[in-house]
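Below you'll find the structure, written out as structure tokens, and then a few comments.
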Amino acid sequence: MTHDHRAEVLRYTAFSADPAGGNPAGVVLDAAGLDEERMLAIAAELGYSESAFLTERTGEDAYTIRYFSPKAEVPFCGHATVATALALAERDGPGALEFTTPAGLVPVSVVREGGTLRATLTSVAPHVEEAAEADLAEALATLDWAAADLDPALPPRIAYAGARHLVLAAATRERLADLDYDFTRLEALMRRLDLTTLQLVWREGPEVFHVRDPFPVGGVVEDPATGAAAAAFGAYARELGLVPEAAVLTLHQGTDMGRPGTLTVELRTGDVRVRVSGTGTRIG
């Protein structure tokens with residue numbers, strides 16, 4: 001699939017071994033000849049939540065990478081990073097990679113498990129901050145959620161691990177499943193707060209969560225599997241003491257969209273960074 005004589009555009013899904021699951025991304029392994037306008041046009045034509053572009057090779061297995069949604073450039077995208085790593089691994093073999101992103105350096109390792117490739121990214125240093133009461137009230141209003149719909153054990157926070165996400169925990173699985181929000185109003189709030197997605201979560205068990213990510217600032221209603229938000233959520237869960245300092249979390253996403261995927265989040269003692277891993281496969 002070629003949109004430009006300088007750019008072969010690959011299509012991969014991340015966080016599922018099924019092409020019909022997970023989160024699809026466009027991947028351009030040689031975007032050196034593309035300007036921002038062309039990269040944005042390719043992302044818009046594909047219509048995926050994000051596409052990734054390798055704009056420069058900076059060393060052995062090291063690249064500069066940029067990410068575009070159909071509407072704008074974003075500082076970091078987990079699923080497109082995983083998709084790109086898998087595409088490189090299929091071309092060059094598994095191993096260690098380094099991506100210089102607008103958010104910072106992101107190492108990725110790819111291993112082969114049986115017949116399946118699995119990529120693990122390591123986030124930039126994360127941080128977690130309080131959400132202002134007025135902003136929280138506006139977020140709930142855009143979702144048409146009541147304060148009673150929130151799980152008091154998982155308080156709202158803004159979490160960052162390369163991009164900013166407002167974490168809101170639903171009290172029930174039913175509340176999470178029933179997502180019908182005001183697209184324009186939520187987009188305005190997210191632009192004001194510099195949010196990439198809302199990370200809506202429901203806790204099934206001690207280390208098992210179901211998540212959904214509205215993404216109006218990217219021009220799509222919902223992101224099917226969100227690696228950047230998963231990394232931010234790992235930082236959130238550790239910061240609030242919801243999980244042990246060293247833990248492996250399982251996040252299920254995309255089920256309510258008909259594109260189920262699984263993200264694995266690893267927290268390590270003595271390392272503030274968060275690791276997010278998953279499988280993926282080429283589409284078409």
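Of the possible polar contacts, none joining the Arg185 side chain to the Ala188 backbone as a donor-acceptor pair under 3.5 Å is found. Put simply, the side chain of Thr13 gets close to the backbone of Gly21: a donor and an acceptor are under 3.5 Å apart. Between the side chain of His79 and the backbone N or O of Pro24, at least one donor-acceptor pair lies under 3.5 Å. Checked by atom type and distance alone, the side chain of Arg259 never pairs as donor or acceptor with a backbone atom of Pro224 at under 3.5 Å. Between the side chain of Arg282 and the main chain of Leu10, no donor-acceptor pair closer than 3.5 Å is present. For the pair Arg203 (side chain) and Gly205 (backbone), a donor-acceptor distance under 3.5 Å is present.
With sequence neighbours left out, Glu204 forms a salt bridge (Lys or Arg N to Asp or Glu O under 4.0 Å) with no residue at all. Shown here are the salt bridge (Lys or Arg N to Asp or Glu O under 4.0 Å) partners of Glu90, two or more places apart in sequence or in another chain: there are none.
Atom OG in Ser109 sits 12.0 Å away from atom CG in Asp61 (nearest 0.5 Å). Here the straight-line distance linking atom CG of Asp149 with atom CG of Leu176 works out to 11.0 Å at 0.5 Å rounding. Separating the CG atom in Leu186 from the OH atom in Tyr181 is a distance of 6.0 Å, to the nearest 0.5 Å. A distance of 8.0 Å separates CZ of Arg275 from OG of Ser123, quoted to the nearest 0.5 Å. Note that CZ of Arg66 is 14.5 Å distant from SG of Cys77, once rounded to the nearest 0.5 Å. Distance OG1/Thr184 to CG/Leu189: 13.0 Å, rounded to 0.5 Å.
The two residues Ser49 and Phe215 come nearest to each other via the heavy atoms O-CE2, 3.4 Å. Closest non-hydrogen pair, Ala139 versus Leu166, comes out as CB-CD2, 3.8 Å. Taking both residues in full, the closest heavy atoms of Ala87 and Leu29 are given as CB-CD2, 4.2 Å, listed atom of the first, atom of the second, then distance. The shortest non-hydrogen separation linking Phe68 to Glu36 is CE2-O, 4.1 Å. Of all heavy-atom pairs between Ala89 and Leu117, the closest is CB-CD1, 4.0 Å. The heavy-atom pair separating Val220 from Gly47 by the smallest distance is CG1-O, 4.1 Å.
In this structure, Val248 and Val265 have side chains that are not in contact, with every pair of non-hydrogen atoms separated by 4.5 Å or more. Between Glu98 and Val106 the shortest side-chain heavy-atom distance does not fall below 4.5 Å. Asp213 has its side chain out of reach of Leu198: every pair of non-hydrogen atoms, C-beta onward, lies at least 4.5 Å apart. Side-chain atoms of Leu86 and Thr279, non-hydrogen and from C-beta on, never get closer than 4.5 Å to each other. For the pair Val124 and Arg273, the minimum side-chain heavy-atom distance is 4.5 Å or more. Contact of the Glu129 side chain with the Arg164 side chain is registered, since non-hydrogen atoms from C-beta on lie closer than 4.5 Å. For the pair Leu200/Trp145, a side-chain contact is recorded, criterion being any heavy-atom separation below 4.5 Å from C-beta on. By the 4.5 Å heavy-atom criterion applied to side chains, Val28 and Glu8 are not counted as neighbours.
Using bins of under 30°, 30° to 60° and over 60° for the plane-to-plane angle, the ring pair Phe233/Phe209 lands in the perpendicular bin.
Taken together through direct or relayed side-chain contacts under 4.5 Å among Ile, Leu, Val, Met, Phe, Trp and Tyr, Leu121 and Val111 form parts of separate hydrophobic clusters. When the side chains of ILVMFWY residues are joined at heavy-atom separations under 4.5 Å, either directly or via intervening members, Leu168 and Val208 end up in two distinct hydrophobic clusters. When the side chains of ILVMFWY residues are joined at heavy-atom separations under 4.5 Å, either directly or via intervening members, Val272 and Leu242 end up in two distinct hydrophobic clusters. When the side chains of ILVMFWY residues are joined at heavy-atom separations under 4.5 Å, either directly or via intervening members, Met257 and Leu263 end up in two distinct hydrophobic clusters. When hydrophobic clusters are built by joining Ile, Leu, Val, Met, Phe, Trp and Tyr residues whose side-chain heavy atoms come closer than 4.5 Å, directly or via intermediates, Leu105 is not grouped with Phe76.
One finds a salt bridge joining Asp178 and Arg175 here, because a Lys/Arg side-chain nitrogen approaches an Asp/Glu carboxylate oxygen to under 4.0 Å. A salt bridge links Arg173 with Asp256: the closest approach of a Lys/Arg side-chain nitrogen to an acidic carboxylate oxygen falls below 4.0 angstrom. Salt bridge status for Arg268 with Glu245: absent, with no side-chain N to carboxylate O gap under 4.0 Å.
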> How far apart are the C-alpha atoms of Tyr67 and Thr81, what are their side-chain angles, what is the distance that settles it, and do they pass the side chain to side chain donor-acceptor pair (under 3.5 Å) test?
Replying inline: CA-CA 9 Å; Tyr67 312 96; Thr81 300; 2.7 Å; yes
Note to self: side-chain contact (heavy atoms from CB on, under 4.5 Å) for Val211 and Trp202? Distances and angles first, verdict last.
What the structure shows: CA-CA 6 Å; Val211 300; Trp202 174 72; over 6 Å; no
Item to complete: Determine, stepwise, if the pair Asp30 / Arg57 fulfils side-chain contact (heavy atoms from CB on, under 4.5 Å).
Response: CA-CA 9 Å; Asp30 181 8; Arg57 187 164 189 165; over 6 Å; no
Inset, instruction - Could you please spell out the steps behind the side-chain contact (heavy atoms from CB on, under 4.5 Å) verdict for Tyr48 and Asn23? - result: CA-CA 8 Å; Tyr48 297 149; Asn23 198 353; 5.8 Å; no
- Query: Is there a side-chain contact (heavy atoms from CB on, under 4.5 Å) between Leu240 and Leu154 once you walk through the steps?
  - Reply: CA-CA 8 Å; Leu240 272 65; Leu154 281 71; over 6 Å; no
May I have the step-by-step check of side chain to side chain donor-acceptor pair (under 3.5 Å) for Ser277 and Arg118, ending in yes or no? CA-CA 7 Å; Ser277 64; Arg118 185 176 188 86; 3.3 Å; yes
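Checking each of Asp223, Thr262, Thr226 against Gln253 for a side-chain hydrogen bond (donor to acceptor under 3.5 Å, both in side chains) leaves exactly one that passes, namely Thr226.
Within a 6.0 Å radius of CG in Asp144, other residues, nucleotides and ligands contribute 12 heavy atoms or fewer.
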